[in-house]
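Computed from heavy atoms alone, side chains included, the values below leave out hydrogens, waters and symmetry copies. Note that this is a predicted model, so its numbers are computed, not measured. Note on naming: letters A, B, ... go to the chains in the order of the sequence lines (proteins, then strands), and numbering restarts at 1 for each one.
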Amino acid sequence: MSELLLYNTYTRQKEIFESITPNHVGLYVCGPTVSGESHLGHARPYITFDVVNRYLQHLGYKVRYVRNITDAGHFEEEGREAEDKIAGKALLEKLEPMELVHKYTDLFHWGMRLFNCLPPSIEPTATGHVIEQISMIEDIMAKGYAYEVNGSVYFDVKKYASQYPYGTLSGRKIEDMLETTRELDGQDEKINKVDFALWKNAPPEHIMRWKSPWGEGFPGWHIECSAMSSKYLGDTFDIHGGGMDLQFPHHESEIAQSTIAHGHGPARYWMHNNMITINGKKMGKSYNNVIKLTELFSGNHPILEQAYHPMVVRFNILQTHYRSTLDFSNDALQGSEKALRRLWEAYEVLQKLTIPTNTEAKDEVLDQQVHSFCTECADFMNDDFNTAKVIASLFELAPTINSIRSGQIAANALSASTFTLLKSTFKTYLEDILGLQALQVEQSNKLDKVLSVLIDIRKDAKLRKDFATSDQIRNRLAESGVLLKDEKDGTVSYTIE
RNA sequence: GGUCGGGUGGCCGAGUGGCUAGGCAGAGCUCUGCAAAAGCUCGUACAGCGGUUCGAAUCCGCUCUCGACCUCCA
């Protein structure tokens, strides 16, 4: 089998993946800030890295997947007054900060569950690791790369850049940044505007505050990921992931902090997923075009023509390579919904088919085709997680499956081994790796029995050529969302919308 | 302004030098009491202009155009 190639943002090329510890992978993904409801944009990284996690496990790695919860609240560094997002929102909603954080964390987990994202191995919170963050800041100060001003601590980027490569990850030059940022404002505590906060002094009205060697305050944003990733994954771990928008300044700052604290950057491979856009514009609070997950699943948003099932969203995201932008539209989602339905039905048909006993394929050509569509799935995943191509291959197999079911293709056209491979490929890729699930909710036994009564009555009517009655049953059921299908073999199946 | 990445058929989207993904929508046919589903077949696209090459959506140059990052952001 081919080796796993992944695109490393740091080197800007695809590299062969080799884990630091054989058979183990340390994966860190920047998690959400739980100051508000999760939105469609959040779906992308967590689904992307869920597939990365699943695929690494499929390859036999034991993955320690760490994804943080930012519950300490970022501050607007450039704002006149330092404002804690979470504390501010808490005042608005008349909630304790902890109450608010809990509410949105639960909501986030709810969304992740619906998306069928496997939970991370560890989900550390920033507030639970203030001590670790403080000691890392102390370490950086002791090494001379941070300075204190009025109870706040800043990282000295200029000094760092003079001795270490800075800006590699995000493709930036410190000189350019120092030039473009000379909007000299004497108010700023920072020596250089490129400096970033490790610790912020808390103004009196600030609710979230912790004691530190520099007075009461709260940690800077970037330090939490550095402190927590090194705590749970070590000074150097395998993969650090997140959205492209975090490349700068967040990840660049993490590298700088870790380099001073540990002598090197935190991760060997940096992976960044691209953004979701709406009508070509990035979705974001500042654009006022955010679709929350609750709205997405309920259809309750002006942009949405209908509600979208979490699996449809997941499928839609996986139909696009993770490094491409993904433009949201109702048409695209509706297309994905139909596509997923068809693919999943083929999968269900396949599960019911019995594997033939012939060792030789009756149709060599078809057997070969099926075989290669199955095996190439691994190649596509190995090529920087090309889920779009995997899905295309599975679609290529759908007609064969459906034809075998309808008898247009004899079951023994395929050899027993190819048939087995076909079955395992669908199971492995569709369910285990892509993490997809049936759109339909499990039906209750009672409903099934009720429907079979109606189906039997309809069958009788059909035998009597009483098509008025049979059509009436079918139409009335359709009105209530139950679609009947007369199969070739005389049986009747139904799907519930 | 600086840096970077795009512009692919009606729509969504793969794809880095020849073998012209896939999905949705559309058209025709088969099957069917009718439907639905399914199967088969069809649309021959790569922003524009040059260049390199036997051959380019894919490489180079220019133009137009969209977007991302540079500030909280997935």
Under 4.0 angstrom, heavy atoms only, what part of the nucleic acid is [X] near: base, sugar-phosphate, or nothing?
X      : answer
A:M283 : base
A:L246 : sugar-phosphate
A:G41  : base
A:N316 : nothing
A:H272 : nothing
A:D471 : base

So, OP1 or OP2 of [N]: does either fall under 4.0 Å of a side-chain N or O from [X]?
X      : N     : result
A:S324 : B:A14 : yes
A:R342 : B:C24 : yes
A:K173 : B:U3  : no
A:K389 : B:G15 : no
A:N273 : B:A74 : no

Do any side-chain atoms of residues 474-481 of chain A form donor-acceptor pairs under 3.5 angstrom with protein atoms, and if so which ones, sequence neighbours left out?
{"residue": "A:N475", "atom": "ND2", "partner": "A:D471", "partner atom": "O", "Å": "3.1"}
{"residue": "A:S480", "atom": "OG", "partner": "A:R476", "partner atom": "O", "Å": "3.3"}
{"residue": "A:S480", "atom": "OG", "partner": "A:L477", "partner atom": "O", "Å": "3.0"}

Ion pair present between [X] and [Y], side-chain N to carboxylate O less than 4.0 angstrom?
X      : Y      : answer
A:R323 : A:D384 : yes
A:D486 : A:R458 : yes
A:R54  : A:D50  : yes

Within 6.0 Å of NZ in A:K459, more than 12 heavy atoms from elsewhere
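Enclosed.
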
Check: [X]/[Y] side-chain N/O donor and acceptor closer than 3.5 Å:
X      : Y      : value
A:S170 : A:E252 : yes
A:E224 : A:N68  : yes
A:D327 : A:T277 : yes
A:E337 : A:Q306 : yes

Which heavy atom of [X] sits nearest to which heavy atom of [Y], and what is that distance?
X      : Y      : result
A:A411 : A:P356 : O-CG, 3.5 Å
A:R314 : A:V51  : NH2-CG2, 3.8 Å
A:S253 : A:P249 : OG-O, 2.7 Å

When the [atom1] atoms of [M] and [N] are compared, how many Å lie between them, rounded to an integer?
N     : M     : atom1 : result
B:U71 : B:U58 : P     : 35 Å
B:C12 : B:G1  : P     : 29 Å
B:G43 : B:C31 : C1'   : 24 Å
B:C66 : B:G50 : C1'   : 23 Å
B:C46 : B:A27 : P     : 24 Å
B:U20 : B:C72 : C1'   : 45 Å
B:C59 : B:G10 : C1'   : 31 Å
B:G15 : B:A21 : C1'   : 7 Å

By nearest atom, which of the nucleotides [options] is closest to the [X] side chain?
X      : options             : value
A:T320 : B:G39, B:A35, B:G13 : B:G13
A:A339 : B:G22, B:C24, B:A35 : B:C24
A:S329 : B:C34, B:A74, B:C12 : B:C12
A:K282 : B:G33, B:A74, B:G15 : B:A74
A:P249 : B:A37, B:C70, B:A14 : B:C70
A:R172 : B:A14, B:G2, B:G13  : B:G2
A:E396 : B:C69, B:G22, B:A74 : B:G22
A:F395 : B:G39, B:C70, B:G22 : B:G22
A:A392 : B:A74, B:G22, B:G39 : B:G22
A:N386 : B:A74, B:G22, B:A14 : B:A14

Starting at the 5' end of RNA chain B and moving along, which residue's nearest nucleotide shows up first, A:F248 or A:M275?
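Between the two, 5'-proximity favours A:F248.
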
Of A:G242 and A:S403, the one whose closest RNA chain B nucleotide lies more 5'
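By nearest-heavy-atom nucleotide position, the 5'-most residue is A:S403.
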
Give, ordered by number, those residues of residues 460-470 of chain A having at least one heavy-atom distance below 4.0 Å to an atom of RNA chain B; if nothing qualifies, reply none.
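Per residue number, the list reads A:K462, A:F467, A:S470.
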
d([atom1], [X]; [atom2], [N]) in whole Å:
X      : N     : atom1 : atom2 : result
A:M381 : B:A14 : CE    : C1'   : 15 Å
A:L340 : B:G23 : CG    : C1'   : 11 Å
A:Y28  : B:A74 : OH    : P     : 13 Å
A:L333 : B:C24 : CG    : P     : 15 Å
A:E337 : B:C11 : CD    : P     : 21 Å
A:Q319 : B:G13 : CD    : P     : 9 Å
A:L484 : B:A36 : CG    : P     : 14 Å
A:H251 : B:C70 : NE2   : P     : 13 Å

Between the side-chain atoms of [X] and the base atoms of [N], is any donor-acceptor pair under 3.5 Å?
X      : N     : answer
A:N274 : B:G5  : no
A:D245 : B:C72 : no
A:R44  : B:A74 : no

Under a cut-off of 3.5 Å for both distances of each Watson-Crick or G-U pair, what dot-bracket string does RNA chain B give, using [ ] for crossing pairs and | for inter-strand pairs?
(((((((..(((.....[...))).(((((.......)))))....(((((..]....))))))))))))....

Would you check if the side chain of A:D367 reaches a backbone N or O of A:A361 as a donor-acceptor pair within less than 3.5 Å?
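Not confirmed, A:D367 side chain does not pair with A:A361 backbone.
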
Any donor and acceptor pair, going by atom type alone, linking the side chain of A:D383 with main-chain N or O of A:N386 inside 3.5 Å?
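A pair under 3.5 Å: no.
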
Determine if the base of B:G28 is syn or anti; take syn to mean the glycosidic torsion is within 90° of 0.
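With its glycosidic angle more than 90° from zero, B:G28 counts as anti.
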
